[in-house]
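Below is one structure, written out as structure tokens; comments come after it.
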Amino acid sequence: MVWQFLLAAAIGAIAYVDRTAAFQLMLHRPLVVATAMGAVFGNVAAGAQVGAVLELLYLARLPVGASIPPDDTGAAMFGGAAAAVASSSVGLDAGSFTALLLLSVPCAEMGKAADRLIRRVNGRIAALTIESVERGDSQAVEHGLLAGLILFALSGMVLALAFSGLGLATGKLLLPRFGPESKAQFAVLLPLFPLIGAASVFSCTRTDRTAPAFYLTMGMVFAATLFFRWAG
Amino acid sequence: MGGLTQAVRRKVWWRQFLFQGCWNYEGMQNVGFAYSILPALRHHYRERPEDLIRALKRHLEYFNTHPAMGGVILGATARMEERVASGEVDPRAIGTFKVGLMGSLGAIGDSYFWGALKPMASVAGAILSLLHPVLGIAALLVLYNLSHVSVRLKGFAAGMEGEESAVRFLKGAGFTVRTEDRKILAAILGGAYAGVLGSKTAFLFGGAAPAVAFFLVALITVHLLTVLFRKAVSPSEILLFLLIIGTMFLWR
């Protein structure tokens, strides 16, 4: 278990640094992070299943200017870890899947608050950097940037440990308490998630030309795949 | 003075990936920009420490643009600093140039990278992960980074040729057309994603009439959600609302 948490912390550091501070190679996307967390905690497929849904949910919020979108990386850490321990040999049941997706929302908001705090602390680092440069120390810029990077990485590790710990507790302790009837009722909400994801994609890509493309494709693919399901 | 050596150029290029390393509300990417251009400044002002500090202070002023588009400004600014160091250009021109370009490049970058390329790569990844997780992740990373790293490479190289070359690059790159194309692709893939997963649920109802009814409900739901998202309602708010409804199911 210690090794698993150490790995989770390393993934957290990489993902949170990639999210804002450096590279932006999309290693922080929920599909990548939830799959990685699933692998660390013993079930890659369950992690990927959660990650694929979370990947699209928050796309509607763009990180433009000073606005900070919900922390979908943190939501994926929670969801991936919880899914890995909650899934059985036949996979994750629909009720538990729905519950994990919904319970990841507070994590996304907590991560957003942490991100805001880090950027405030960075303000102090930047002010100290400027003061040092004014005193003639050009190396202060390198030290300031390194301090900012370390802050992002450390907070990533702490958030990863917190979210994966919460995920494990949810998957092992909370979800087994719900009976099959409760889970079946909860699962009623599951079909809404792909629709929220699709709407999220569509809302940030919507133009006069994309609207017909979106709705026509949705209709045609729906009809075609339904036909094949009936035929097969 | 002289132009930058290959080693210094490489250093500056790599450092652009850390533009947001010390992102803060006051100066935003100011420390990141100063860090990125520092090797070039050390080269240009290698025997003039006071000028080096003056130049560094210029770059610690407020700066904010899209991180992937910053390479163009960084390259062109490094080139301008070379001319400032040799006395050809007034140092104030650098601030005017950066301020003039950062806003428009930020808007272009936000629209292209966050509003078109990322949704396209994400939805392609989500669809392909239904076949295999690794396939989905590979699609997401390759689709996004091919364009991302290419813009950083070409933008920086164009900037290093001078301001005119940077502007030529921005015109020639055709970001408006590329944004529109990626948005259409993302919309098509988003529609396909909703169609595939919607039919999975509709199949459980059995029969054509319930399936058609489900499709219409799904269509209206997506449309309503899109309207809400465009009115600045956060997905988190909708999901929290669903969490409350779900909790009520559990407590019944």
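Letters A, B, ... are given to chains in the order of the sequence lines, protein chains preceding strands, and every chain is numbered from 1. Both backbone and side-chain heavy atoms feed into the values below; hydrogens, waters and symmetry mates do not.
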**Q.** Short side-chain to backbone donor-acceptor contact, B:Asn24 and A:Ala126, under 3.5 Å
**A.** no
Q. Should A:Gln24 and B:Arg152 be marked as a side-chain contact (heavy atoms from CB on, under 4.5 Å) after you check the CA-CA gap, both sets of side-chain angles, and the distance that decides it?
A. CA-CA 12 Å; A:Gln24 292 92 36; B:Arg152 285 200 191 250; 3.1 Å; yes
Q.
Please rank B:Leu189, B:Val196, B:Asn30, B:Thr221 by heavy-atom pairs under 4.5 Å with chain A and give me the top one.
A. B:Val196
Q: Among B:Leu140, B:Leu41, B:Leu224, B:Asn64, single out the residue with the greatest number of heavy-atom pairs under 4.5 Å to chain A.
A: B:Leu140
**Q.** Any B:Phe229 side-chain heavy atom under 4.5 Å of A:Ile196 side chain
**A.** yes
Q. Picking from B:Gly106, B:Gly207, B:Ala121, which has the most non-hydrogen pairs under 4.5 angstrom with chain A?
A. B:Gly207
Q. Side chain of B:Asp110, backbone of A:Val64: donor and acceptor closer than 3.5 Å?
A. no
Q) Just checking, any donor-acceptor pair under 3.5 angstrom between side chains of B:Gln20 and A:Arg19? A) no
Q: Answer with yes or no whether the side chains of B:Ser199 and A:Arg229 bring together a donor and an acceptor at under 3.5 Å.
A: yes
(Q) Pair A:Leu192, B:Leu242 - check side-chain contact (heavy atoms from CB on, under 4.5 Å), show working. (A) CA-CA 9 Å; A:Leu192 277 172; B:Leu242 289 180; 3.6 Å; yes
(Q) If you count heavy-atom pairs within less than 4.5 Å of chain A, which of B:Ala208, B:Ala192, B:Ser122 leads? (A) B:Ser122
Q: Among the options A:Leu59, A:Leu149, A:Leu31, A:Val201, pick out the one with the most heavy-atom pairs lying under 4.5 Å from chain B.
A: A:Leu31
Q. Are the side chain of A:Arg61 and the backbone of B:Ala232 linked by a donor-acceptor contact shorter than 3.5 Å?
A. yes
(Q) Please rank A:Pro194, A:Ala198, A:Ala213 by heavy-atom pairs under 4.5 Å with chain B and give me the top one. (A) A:Pro194
Q.
Checking an interface table here. Which of residues 42-53 of chain A come within a heavy-atom distance under 4.5 Å of chain B?
A. A:Ala48, A:Ala52, A:Val53
**Q.** Choice from B:Leu60, B:Ile53, B:Val149, B:Thr201 maximising heavy atom contacts with chain A below 4.5 Å
**A.** B:Ile53
Q. Do the rings of B:His223 and A:Tyr215 sit parallel, tilted or perpendicular, given the 30° and 60° boundaries?
A. tilted
Q: In sequence, state the C-alpha distance, the side-chain angles, and the governing distance for A:Tyr58 and B:Leu239, and then conclude on side-chain contact (heavy atoms from CB on, under 4.5 Å).
A: CA-CA 10 Å; A:Tyr58 297 99; B:Leu239 293 167; 3.6 Å; yes
**Q.** Pick from B:Ala107, B:Ala218, B:Ala116, B:Gly27 with the largest number of heavy-atom pairs that fall under 4.5 Å of chain A
**A.** B:Ala218
Q. Please, which pairs that meet salt bridge (Lys or Arg N to Asp or Glu O under 4.0 Å) have at least one residue in residues 39-59 of chain A, sequence neighbours excluded?
A. A:Arg29-A:Glu55
Q) Looking only at heavy atoms, which of residues 136-145 of chain A get nearer than 4.5 Å to chain B? A) A:Gly136, A:Asp137, A:Ser138, A:Gln139, A:Val141, A:Glu142, A:Gly144, A:Leu145
Q. According to the interplanar angle, ranging from 0 to 90°, do the rings of A:Phe23 and B:Trp14 count as parallel (below 30°), tilted (30 to 60°) or perpendicular (above 60°)?
A. perpendicular
Q | Heavy-atom pair of closest approach, residues A:Thr205 and B:Gly115 | A | CG2-O, 3.5 Å
Q) So which of A:Val32, A:Leu25, A:Ile150, A:Leu101 has the biggest tally of heavy-atom pairs under 4.5 Å with chain B? A) A:Leu25
Q.
What part of A:Leu56 gets within 4.5 angstrom of chain B, counting heavy atoms only: side chain, backbone, both, or neither?
A. side chain
Q: Taking the side chain as every heavy atom from C-beta outward, state whether A:Leu216 and B:Ile188 have any pair of such atoms under 4.5 Å apart.
A: no
Q: Sort and list the pairs that fulfil side chain to side chain donor-acceptor pair (under 3.5 Å) and have at least one residue in residues 100-109 of chain A, not counting sequence neighbours.
A: A:Glu109-B:Ser236
